[in-house]
S.K.: 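A single structure is presented below for examination.
Throughout, protein chains are lettered first and strands after them, A, B, ... in sequence-line order, and every chain is numbered starting at 1. All values derive from a computational prediction rather than experimental measurement.
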Number of protein chains: 2
Amino acid sequence: MKASLKSISKELNISPGTISRVLNGKAKEYRISEATVKRVKAYAQKVGYTPNLVAKSLQASKSFTIGLILPDISNPFFSTMAKHIEQQASAMHYSILLMDSDEQLEKETKALQQLYSRKVDGIILCPVGFEGSHYKEQFKDMGIPVVFVDRYLKGIDVPFVSSNNYKGAYDAVEFLIQKGHKIIGLIQGDQKLLTVNEREKGFKKALQDYNISFNTKLLLGNGFNEENGYVSIMQLLKEKNKPTAILCMSNQICLGVLKAAKELQLNLPQDLSIISFDENPYAEYITPSLTTIKQHNDKMGAKAFNLIYDLIQGQKSEDPSFLIDTEIIERRSIFALL
Amino acid sequence: MKASLKSISKELNISPGTISRVLNGKAKEYRISEATVKRVKAYAQKVGYTPNLVAKSLQASKSFTIGLILPDISNPFFSTMAKHIEQQASAMHYSILLMDSDEQLEKETKALQQLYSRKVDGIILCPVGFEGSHYKEQFKDMGIPVVFVDRYLKGIDVPFVSSNNYKGAYDAVEFLIQKGHKIIGLIQGDQKLLTVNEREKGFKKALQDYNISFNTKLLLGNGFNEENGYVSIMQLLKEKNKPTAILCMSNQICLGVLKAAKELQLNLPQDLSIISFDENPYAEYITPSLTTIKQHNDKMGAKAFNLIYDLIQGQKSEDPSFLIDTEIIERRSIFALL
DNA sequence: CTGAAAGCGCTTACAG
DNA sequence: CTGAAAGCGCTTACAG
């Protein structure tokens, strides 16, 4: 059945070592005779020999596997990243061990332990937690390189790839302002997240640069989910000085806003202009078609793999972290007040 | 650093075998003294011993890993399945090696080889190919149980989980007919796919049951992608007897139809009623909101894992394949002609 | 040019 | 109650 070096060895009367050398293309290096090389290759071919990677991994202390932990693989935002990570990985003969933390720290911790136990060569993690110290603790004596993707943390020195969230929000607000909006609401994701903080900063800075005074009440919400979008916009619309435009920090938040708008029978975009983080294939067909801030998570994924790959090879770049610019996809959900 | 049975053995002056037995909860079975048990456990705890799973896998010829090959992990349809597969798997202490075949047979073949090489305990595959014989060939002497998910094939005896595509299409057409539609178009996915054939059968059967004659020209298309949706609907609308309603075989096809409708400035749903396979979170906010045929891919994923799990345990159920009913989510994209 | 041996970190049948 | 040994399938330093 499944051939091993041993079984081939027996059949051919050649030592496993020699066979291993031939099959690993080290025939020259070891000056193995043409004759044996031919015999070995022919026979291996014939029986369809495939090396046992777990044996190889054990002896090499290297598994050619990288672990990927994502908060929600069913979310296209993450699955797109996963796809591009996998693509890069398989091109470099790496395989991906995928784990879904489901936004739960507990599951993430278990996943991390699994990956450690399985001796992955590196880990790409979109962290669910908020404290650098928490991860510092976990990564200590794990001896496996880690890279953060999308989300990252203060207080821990781990390379990361993320969108340029600051600039993304800044650009969005500037865009709104140029359309004549002055009262702009912001519905945030989890405020403990650095990415959220960055967006908030970008939001405020844009207002400031255009001399628009900032109203704390227009900035609320605390979660990347539909529920938060719904509740927040309902709240916002009750303000005496209610916003003419709203910036949503995620596609899910936007869904909540759309839900509320529908319920309230708002006339979009006249009653409310919307711009939202995260592009999606339906944006064009929603009424009004949605202006979005596209994150290039294909690039983020690919870059994340490159980072971890370099780390595995022992190449530590001096500035190992990357911010990838977002892009505004203009459609018709922003009403021009000018 | 990283503790091993050996290092603990040295430190404690207890043989690796005994330590292994203690740490694997076989102390009673081997009647190991309370004293040693305590010492071992305490020390293992202290140094944070974690078993090396690759060593364990090698010796047990069992990796507690299952391979998952999907045609496009970035598609929410598949990533939702992936999430639920992973969820089930991790609950049973299995890990998932994820591969994206990108709808390419060549990549799929490589992925399969990788998984074989990595000695996964089982494989969940959504096949990209069309011929049972092709897979029969590949699975031969692989010695690893395989289960198909979503797509399956004739001419090969592999358990599968899929939607009840026949019934899904039948129900959709019946639904349309009950709204008064008699001229109904169907835009198909890849016609080599059994799932597509099943839907076609369901489509035809419904027409037949309601005594509506079937017009070959209203049935076209050959791919689960936007382009096909676009081209096909354009074609359909040129018919003298053009359809009043259209059934799309996938979310992507539907996107193509929406694109065409927008270009043609059709007045939906009066000018054209639409029902489409695959639910999506934006369906509610498209104009008109989209009536969809929801596939329960959460259940499909979970079931697929259960199937492979049973197979791994050596339990072969007599009828190992499952069809999961779809569900119509009614919205406003179907115009009532009655 | 090629083989025998050791070792990667585990587990388990065999002794005692 | 516990240890020594063999073996899972590989690779590579050491000999010759």
S.K.: Heavy-atom nearest nucleotide on DNA chain C for A:Asn13 versus B:Ser20: which residue maps closer to 5'?
M.R.: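 Its nearest nucleotide being more 5', the pick is A:Asn13.
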S.K.: Any ion pair linking A:Glu103 and A:Arg151 (charged N to carboxylate O, less than 4.0 Å)?
M.R.: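 Yes.
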S.K.: Under the side chain to side chain contact (heavy atoms under 4.5 Å, CB included) rule, collect the residues that match up with A:Tyr116, sequence neighbours excluded.
M.R.: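 So A:Tyr116 forms a side chain to side chain contact (heavy atoms under 4.5 Å, CB included) with A:Lys119, A:Met142, A:Ile144, B:Lys2, B:Thr50.
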S.K.: Closer to the 5' end of DNA chain D via nearest nucleotide, is it A:Leu5 or A:Arg21?
M.R.: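 First, find each residue's nearest nucleotide; the 5'-ward one identifies A:Leu5.
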S.K.: Just do the side chain to side chain contact (heavy atoms under 4.5 Å, CB included) check on B:Asn75 and B:Ser79 with the steps written out, would you?
M.R.: CA-CA 6 Å; B:Asn75 185 334; B:Ser79 67; over 6 Å; no
S.K.: Would you please classify the geometry between the A:Phe148 ring and the A:Tyr135 ring as parallel, tilted or perpendicular, with 30° and 60° separating the classes?
M.R.: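 Taking A:Phe148 first and then A:Tyr135, their aromatic rings stand perpendicular (interplane angle over 60°).
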S.K.: Taking any atom closer than 4.0 angstrom to a non-hydrogen atom of chain B, what span of DNA chain D does the protein reach, first nucleotide to last?
M.R.: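 First-to-last contact on DNA chain D, by the 4.0 Å heavy-atom rule, is D:dC1 to D:dG9.
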S.K.: Partners of B:Gln87 by side chain to side chain contact (heavy atoms under 4.5 Å, CB included), sequence neighbours excluded?
M.R.: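 Listed in chain order: A:Asp102, A:Lys107, B:Lys83.
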S.K.: Could you check B:Phe78 against B:Asn297 for side chain to side chain contact (heavy atoms under 4.5 Å, CB included), going step by step and ending with a plain yes or no?
M.R.: CA-CA 8 Å; B:Phe78 291 116; B:Asn297 19 26; over 6 Å; no
S.K.: As an exercise, state the distance from CD1 of A:Ile66 to CD1 of A:Ile96, rounded to the nearest 0.5 Å.
M.R.: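 The CD1 atom of A:Ile96 is 4.0 Å from CD1 of A:Ile66, to the nearest 0.5 Å.
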S.K.: Verify whether the ring centers belonging to A:Phe160 and A:Tyr152 lie closer than 6.0 Å.
M.R.: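 Yes.
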S.K.: Looking across every strand, which nucleic acid part, if any, lies under 4.0 Å from B:Leu53 by heavy atom: base, sugar-phosphate, or nothing?
M.R.: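 Nothing: the residue B:Leu53, judged by heavy atoms under 4.0 Å, touches no strand.
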S.K.: Decide if atom NZ of B:Lys10 counts as having more than 12 heavy atoms of other residues, nucleotides or ligands within a radius under 6.0 Å.
M.R.: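 At most 12 heavy atoms, drawn from other residues, nucleotides or ligands, come within 6.0 Å of this atom.
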S.K.: Take N1-N3 plus N6-O4 or O6-N4 for Watson-Crick, N1-O2 plus O6-N3 for G-U, both under 3.5 Å. Which runs of 3 or more such pairs involve DNA chain D?
M.R.: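 Stem list for DNA chain D: C:1-3 with D:14-16, C:5-12 with D:5-12, C:14-16 with D:1-3.
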S.K.: Have a look at A:Lys26 and say if it touches a base, only the backbone sugar-phosphate, or nothing, with a 4.0 Å heavy-atom cut-off.
M.R.: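 Contact class for A:Lys26: sugar-phosphate only.
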S.K.: Could you pull out all residues at least two apart from A:Ser101 that satisfy side chain to side chain contact (heavy atoms under 4.5 Å, CB included)?
M.R.: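 Partners of A:Ser101 by the side chain to side chain contact (heavy atoms under 4.5 Å, CB included) criterion, ordered by chain and then number, come out as A:Ile69, A:Pro71, A:Glu108, A:Val128.
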S.K.: So which of residues 55-65 of chain A are in contact with DNA chain C, with a heavy-atom cut-off of under 4.0 Å?
M.R.: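 Per residue number, the list reads A:Leu58, A:Gln59.
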